[in-house]
Colleague: 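Sharing a structure with you now.
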Amino acid sequence: MKTDSRNKYIIFILLQSLLYGLGNPLTKIAFTSITPLWCLAFRFSLAFIIFAIFFGTRLKEQLQTLSAGQYLPAGLCMAAAYISCNLALEGTTATNVGFIMSLSVIFAPLLSIVILQRPYRLTHLPIQLCVILGMYLLCSNGGAFEFNKGDLWALLTAVSVAGALVFGEKSLRLTDAVTISAIQTFITAVISIVCALLFDEAAVIPKIQPAAWAVVIYLAVTCTCLAYFLQNAALKFLPASLVSMLQCTQPVLTAAASYLLLTEKLTLTGISGAVIILFCIFAENILETLTLKLTK
């Protein structure tokens, strides 16, 4: 792939991180009047309706050529990622969620070994270890490193995101980004609705405030339809390991948005962690570029 084209898809992932970075603290604001599961149910139902309106015919044609095994794993992983992420946001700070989620940068290359039969290059290990150090510093944020129930949900999110990336890359060998995005949205919507009906009270729906509905619409349009498409379009041309590394910009942006919207503050220790992560992303991009040139 030409460098200019590759850079375009790198920008796609950075834009996705910007959307998610703003979405995480907004989601916490919405939780003042809507539960995580109902938020997911409405968000992904609306997102799928949007996909169906604009791409219904295209989706029907694509689905006729695919078997369930070719798209279901990516969809289930994405559903698990969003459900666990919303539960994490209810139990810990948006800043912590953003950074623990980004541990997918560690899990994606490992899953790629098994699922994509892609060899792991040890040259990536020092960068990935530095990412963990950066996340530790930011989550410690000048105090003791605390790992609560919300952080555990965020760790599950990281594993699920890695699975969605790797299985998504595999699925995109057979179909396009719009189709995979719509399938992932539909599966997440169905599972979220079922979970909301089973574990939440429907009585909360009339009490949802206008601000929460506005957040749901924002999440559906930008953090679901647009962000899914950006990610899957990039996965068509970039390896899952690089995409997961680029998504490490998300916690930095989440931390900035959380400071502005939720007054979650970073100490010098936390800022140091953010700087380390940004440096690692830059280093990984250079390493991946050099690798591609050497393999040509």
Colleague: Evaluate T222 against L22 for side chain to side chain contact (heavy atoms under 4.5 Å, CB included), listing each step before the verdict.
Modeller: CA-CA 10 Å; T222 62; L22 182 59; over 6 Å; no
Colleague: Kindly write out the residues that satisfy ring pair (Phe, Tyr, Trp, His ring centres under 6.0 Å) with F186, not counting sequence neighbours, or none if the list is empty.
Modeller: F48
Colleague: Filter on ring-ring contact (aromatic ring centres under 6.0 Å, His included), then keep only pairs touching residues 250-275, sequence neighbours left out; what's left?
Modeller: none
Colleague: State which residues pass side-chain hydrogen bond (donor to acceptor under 3.5 Å, both in side chains) with S45; sequence neighbours excluded, sorted by chain then number.
Modeller: none
Colleague: Does this structure show an ion pair linking K236 with D176, if we count only N-O contacts that are shorter than 4.0 Å?
Modeller: no
Colleague: Side chains of T179 and R58: donor-acceptor distance under 3.5 Å anywhere?
Modeller: no
Colleague: Is the shortest side-chain N to carboxylate O distance from E90 to K149 below 4.0 Å?
Modeller: no
Colleague: Under the salt bridge (Lys or Arg N to Asp or Glu O under 4.0 Å) criterion, do E169 and R118 qualify, and how do the steps go?
Modeller: CA-CA 12 Å; E169 182 182 342; R118 179 175 293 150; 2.4 Å; yes
Colleague: For this output row, return yes or no: ring centroids of Y228 and F51 closer than 6.0 angstrom.
Modeller: no
Colleague: I193 and A41: which non-hydrogen atoms are nearest, and at how many Å?
Modeller: CG1-CB, 3.8 Å
Colleague: Step by step, would you call T254 with Y20 a side chain to side chain contact (heavy atoms under 4.5 Å, CB included)?
Modeller: CA-CA 7 Å; T254 296; Y20 282 157; 5.8 Å; no
Colleague: Rounded to the nearest 0.5 Å, what separation is found between the NZ atom of K8 and the CD1 atom of I13?
Modeller: 12.5 Å
